[in-house]
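The block underneath contains the structure these notes are about, expressed in structure tokens.
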Amino acid sequence: MGIIAWILIGLLAGFIAKMLMPGKDPGGIIITMLIGIAGGLLGGWLGKVIFGVDSIDGFFDLSTWIAAIIGSVILLVIYRLVTGSKRNHRHA
């Protein structure tokens, strides 16, 4: 897949991850889109490493989308943990 396909998958995966995990995140839509793109790459890599499958087969393959969404959710959780701890320390 080309870089444009990765960006599209990442953007949509980030949006879906945000819908699965609603809440206020610092950084807004730009950060969510970047998390989605990175999450797609992370999901594909984890699928390969953990399960030994090529989860990034093509734009319209279900495994590609599942991997991208799972990766995006993982990164969104990590992002919230990191930014949440910084936010709590400022107000303490």
Side-chain angles (χ1 to χ4, degrees):
M1 289 190 318
I3 190 70
I4 301 297
W6 271 112
I7 291 171
L8 288 174
I9 287 173
L11 294 174
L12 293 171
F15 175 77
I16 292 169
K18 181 69 172 170
M19 294 297 109
L20 293 173
M21 297 180 56
K24 186 163 175 87
D25 295 317
I29 190 75
I30 301 295
I31 297 298
T32 302
M33 290 187 295
L34 293 174
I35 286 173
I37 294 168
L41 295 171
L42 174 67
W45 179 78
L46 286 175
K48 184 87 166 168
V49 170
I50 294 173
F51 302 112
V53 297
D54 190 15
S55 56
I56 308 301
D57 291 330
F59 188 83
F60 294 105
D61 287 339
L62 184 60
S63 63
T64 300
W65 287 94
I66 291 172
I69 292 167
I70 290 172
S72 295
V73 167
I74 290 170
L75 288 183
L76 187 56
V77 167
I78 292 169
Y79 178 70
R80 286 182 179 180
L81 289 174
V82 169
T83 59
S85 65
K86 287 181 184 176
R87 205 173 31 224
N88 290 338
H89 289 196
R90 284 189 219 150
H91 295 289

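Fair warning: this is a prediction, and the values are worked out from it, not measured in the lab.
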Listed pairs under 3.5 Å, donor-acceptor, residues 67-74 side chains, sequence neighbours left out:
from  : atom 1 : to    : atom 2 : distance (Å)
Ser72 : OG     : Gly36 : O      : 3.4
Ser72 : OG     : Ala68 : O      : 2.9

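To the nearest 0.5 Å, atoms CD1 (Ile16) and CD1 (Ile9) are separated by 10.5 Å. In this structure, Leu76 CG and Leu81 CG are separated by 9.5 Å, a value rounded to the nearest 0.5 Å.
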